[in-house]
Amino acid sequence: MKGLIKNLLVGALLTSCANLVSAENISGATLEWPPFTGEKLQNQGVMVDIVKQAFKTSGHDLVVSIVPWDRAMADTKSRQTDVMIGLWYSDKRAKDYLFSKPFLYNRIVFIKRSDDSFEFNGLEGLKGKKVGVVRNYSYNDAFKATTNFKKPETSNLQSNLKKLAAGRIDLTLEDEIVARYILNEELKQLNNKITLTANALDEKSVHIAISRNNPNAAALIAAFDKGIDVLKANGNYEKIINSHGLN
């Protein structure tokens, strides 16, 4: 009996060591996009927190860099970074990246000046307007294909909000939680000049993505998807959401 117990203990120790050996450090990248992601946020924001915890369930430790959006995408595509966090799916992107299942959703609304009576009731209502967009964002196909309004580009929402307040564009658009956060925390001086539409253009699913050229892409995506299922089953997914005040 003692020999059996000893063998079981040795086996458990070896299994534990094997798990430690199989644990892998992986790199991730995303943009500064508060309150979802950001260097100054708790655990770099709720998106990063969820992704880190999902990978941890399979023994992967994720280290995330907050960098400009274009760089995050380029570094992931070239495999300098393993995981891109916070991508909206598009068929074009899917040619280069393998996507996870959704782990959050964004509700995309239009942003307007407070004295503007505009309400979004269809793309035909944008005729003749200047709608500020962010470069390389994956807006829905119908929006991108419509040509009866102009779509001047900038690198971030903050620039578009300043242009909107100055009357250089008529509208811009963004996730409503992000827009309210920026107006309440970063651009308070514009808060009474700008408001959001009640109706949304779209609801976008949020994913992680890994370059199709990464030989570990399928395994890492599978590990992440399984990790999300674990977090939801044990209640930790909801706890993470609540801990960031986004419930």
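Quantities reported herein were computed from a predicted structural model and do not represent experimental measurements.
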Residues, nucleotides or ligands: over 12 heavy atoms within 6.0 Å of [X] [atom1]:
X: Lys163; atom1: NZ; answer: yes
X: Lys130; atom1: NZ; answer: no
X: Lys112; atom1: NZ; answer: yes

Cut-off 3.5 Å, side chains only: do [X] and [Y] have a donor facing an acceptor?
X: Asp141; Y: Tyr139; result: no
X: Ser159; Y: Asn156; result: yes
X: Asn106; Y: Trp88; result: yes

| field | Test salt bridge (charged side-chain N to carboxylate O under 4.0 Å, His left out) applied to Asp225 and Lys101, step by step | value | CA-CA 6 Å; Asp225 285 346; Lys101 64 184 180 182; 5.4 Å; no
| message | Applying salt bridge (Lys or Arg N to Asp or Glu O under 4.0 Å), can you list everything that pairs with Asp70, at least two apart in sequence or on another chain? | response |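 Asp70 satisfies salt bridge (Lys or Arg N to Asp or Glu O under 4.0 Å) with no other residue.
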| task | Determine whether the aromatic ring centres of Phe99 and Phe224 lie less than 6.0 Å apart. | result |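 Between Phe224 and Phe99, which both carry aromatic rings, the centre distance is not below 6.0 Å.
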| Passes salt bridge (charged side-chain N to carboxylate O under 4.0 Å, His left out), Glu176 versus Arg107? Steps please. | CA-CA 6 Å; Glu176 61 182 336; Arg107 186 171 182 268; 3.2 Å; yes
| request: Enter the distance from Ile50:CD1 to Phe36:CZ here, rounded to the nearest 0.5 Å. | output: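 One gets 9.5 Å once the value is rounded to the nearest 0.5 Å.
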| said: Using salt bridge (charged side-chain N to carboxylate O under 4.0 Å, His left out), reason through Lys232 and Asp229 one step at a time and then give a plain yes or no. | reply: CA-CA 5 Å; Lys232 289 183 175 180; Asp229 290 340; over 6 Å; no
| request: Mind jotting down which residue pairs meet the ring pair (Phe, Tyr, Trp, His ring centres under 6.0 Å) criterion with at least one end in residues 166-203? Sequence neighbours excluded, please. | output: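 Non-adjacent pairs meeting ring pair (Phe, Tyr, Trp, His ring centres under 6.0 Å): zero.
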| query | Phe143 vs Phe149 aromatic rings, parallel, tilted or perpendicular, using cut-offs 30° and 60°? | reply |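 Phe143 vs Phe149 ring planes: tilted.
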